[in-house]
Each structure stands twice: as C-alpha cells, then as structure tokens.
Amino acid sequence: MIRIVVTGSESTGKTALAKQLAEHFGAEFVPEFVREFAEEKQAPIGFADHGPITRGQMALEDRHAALAAKGNGLVIQDTDLLSTVVYCDHYFGSCPQWISDLARERRPDLYILLGTDVPWIADGIRDRGDRRDEMHALFHAAVAGSGSSYVNIEGDWDSRWTQARETVDAIV
C-alpha cells in the first residue's frame, strides 16, 4: 500500500489535484472528512469537534485503504490527520495528544504540500484567505517534522499537475 496525501493551506487546489491524481493513476481517492462535517454542522468548529473529526477522517481512510488493497494499492488523500493537528493548534492553541499521536502513527509515504501562489476562492467554509502564508508555514513545519517524505509544489494549475504527476510516477 502506498499512501500519498495532498495537503496545505486553504484554497490551494488540494481537492482538485488529489482527485485528478487518483483518476490518472487508478488510485483510491479519500476525501476530506472535515469539509462535510463543517457543512453539516453549519456552525463554527469547536475544540470538542476534533474528536469526531479525527474518527471520521480515520474511518474514511480505512474504508478506502481496504478498497485500494483489492486494487493497485495506491491511495491518494485530500488531507489527513496532520491537517487536523495543524488547524486545532492554530485555532485553539493546542491539539489533544491522542490526535497528534494518531497523525504520527498514520503518516503517509508522501506529502504533496501545495503553495499559496494561486488565487484564493471563498466558499463559505474557508476563512483564512488573508493568512494563507502563515498557514502554509505551519503546514510546512508540520510536514517537515512528520517523518514522511514530502515535496513542495507551486505554480499555476498546469504546473502543479505536471509536478505532482511526475512525483507520483517516480514512486509507483
């Protein structure tokens, strides 16, 4: 099993790129659980929500990993628990240790960290358009400290696709 996670600050094209990579490589695509959670809650996410978010994300990852095991063994994820840790730390000043521990235990083979050099697109859920560089720095530090390999990808949409595709090609 090879797990690749597309991560980074808000509105950097993570979902679109992860879906495109999964389709191109015939991989299992794991969506971002917290987006659906936030849309259903229709209220700001609170500190206590991080437990259900963590369990929901893990359930999605495990379900898709089981499907990938029956296929080509490649999983492409639109974020993972490291994102939960970064945002929990950012919004609330700390993250429960058990979530940080799980993020470390479940780290992927590769992180694709997307830069903030593309236009911000508001969508009603995103709220850090003016702090993308700050958030990118937090994600970079988290990814660099995760113990997983990672690659930074920047540029326009076509350039991102080419860089990501070539990176995944080199792994698979």
Side-chain angles (χ1 to χ4, degrees), residues 3-21 30-58 60-61 76-164 167:
R3 283 183 48 241
I4 298 171
V5 175
V6 181
T7 195
S9 186
E10 296 175 326
S11 192
T12 55
K14 295 181 301 291
T15 301
L17 184 60
K19 284 180 180 178
Q20 192 175 13
L21 286 168
V30 181
E32 177 185 32
F33 178 80
V34 72
R35 172 165 289 282
E36 182 180 325
F37 183 91
E39 288 171 353
E40 287 180 12
K41 183 173 180 178
Q42 295 185 340
I45 290 174
F47 185 79
D49 291 324
H50 287 87
I53 289 168
T54 298
R55 288 186 286 281
Q57 181 66 36
M58 289 190 315
L60 274 177
E61 291 175 11
I76 306 287
Q77 293 182 213
D78 176 8
T79 74
D80 70 347
L81 293 181
L82 190 65
S83 180
T84 303
V85 172
V86 168
Y87 280 110
C88 194
D89 280 341
H90 175 72
Y91 282 102
F92 302 104
S94 67
C95 182
Q97 189 61 49
W98 68 273
I99 297 174
S100 297
D101 291 345
L102 284 168
R104 197 170 16 267
E105 290 169 20
R106 297 171 67 96
R107 68 179 183 249
D109 298 287
L110 175 72
Y111 280 109
I112 295 176
L113 177 62
L114 299 182
T116 59
D117 57 336
V118 291
W120 166 264
I121 299 170
D123 69 355
I125 300 292
R126 299 173 179 143
D127 68 349
R128 292 287 181 234
D130 60 334
R131 299 176 77 178
R132 290 169 78 203
D133 291 336
E134 174 188 349
M135 294 307 301
H136 180 74
L138 295 174
F139 272 97
H140 185 267
V143 166
S146 72
S148 289
S149 295
Y150 71 96
V151 61
N152 289 302
I153 292 183
E154 296 183 331
D156 64 20
W157 302 118
D158 289 338
S159 177
R160 285 169 188 249
W161 164 242
T162 299
Q163 291 173 67
T167 298

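Along the sequence shown, residues are numbered consecutively beginning with 1. Every value quoted in this text rests on a predicted model; they were computed, and no experiment measured them.
Note that CG of Leu110 and CD1 of Ile4 are 5.5 Å apart. Values are rounded to the nearest 0.5 Å. With rounding to the nearest 0.5 Å, the separation of CD in Glu32 from OG1 in Thr79 is 4.0 Å. Rounded to the nearest 0.5 angstrom, Ser100 OG and Leu82 CG are separated by 9.0 Å. The line from CG of Leu113 to OG of Ser9 is 9.5 Å long, rounded to the nearest 0.5 Å. Between the OG1 atom in Thr54 and the CG atom in Asp49 there is a gap of 10.5 Å [rounded to 0.5 Å]. Rounding to the nearest 0.5 Å places CD1 of Ile53 at 9.5 Å from CD of Gln57.
Looking only at side-chain heavy atoms (C-beta outward), Trp161 and Leu21 come within less than 4.5 Å of each other.
A salt bridge is defined here as a Lys NZ or Arg NE, NH1 or NH2 lying under 4.0 Å from an Asp or Glu carboxylate O, and Asp80 with Arg106 fails to meet this definition.
Nearest heavy atom pair, residue Cys95 against residue Asp89, reads N-OD1, 3.0 Å. For the pair Gly8 and Thr12, the tightest heavy-atom approach, listed with the atom from each and the gap, is C-OG1, 4.4 Å. For Val118 against Arg132, the heavy-atom pair with the smallest separation is O-NH1, 2.9 Å. Nearest approach of Pro96 to Cys88, heavy atoms of both residues: CD-SG, 3.9 Å. The two residues Ile76 and Ala18 have their closest heavy-atom pair at CG2-O, 3.5 Å. Contact record, Glu154 with Ser159: O-OG, 3.7 Å, taken as the closest heavy-atom pair.
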Could you walk me through whether Arg160 and Asp117 satisfy the side-chain contact (heavy atoms from CB on, under 4.5 Å) test, starting with their C-alpha distance in whole Å, then the side-chain angles of each, then the deciding distance to 0.1 Å, before giving a yes or no? CA-CA 11 Å; Arg160 285 169 188 249; Asp117 57 336; 2.4 Å; yes

Check against side-chain contact (heavy atoms from CB on, under 4.5 Å), Arg55 and Phe33: CA-CA 9 Å; Arg55 288 186 286 281; Phe33 178 80; over 6 Å; no

Run the side-chain contact (heavy atoms from CB on, under 4.5 Å) check on Ile45 and His50 step by step: do they pass? CA-CA 8 Å; Ile45 290 174; His50 287 87; 4.0 Å; yes

Checking side-chain contact (heavy atoms from CB on, under 4.5 Å) for the pair Met135/Val86: CA distance, chi angles, key distance, verdict? CA-CA 8 Å; Met135 294 307 301; Val86 168; 4.2 Å; yes

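Phe139 meets the ring-ring contact (aromatic ring centres under 6.0 Å, His included) test with Tyr87; sequence neighbours excluded. With sequence neighbours excluded, the residues satisfying side chain to side chain donor-acceptor pair (under 3.5 Å) with Gln77 are Arg3, Glu61.
The side-chain contact (heavy atoms from CB on, under 4.5 Å) test with Tyr111 is passed by exactly one of Val151, Thr7, Val6: Thr7.
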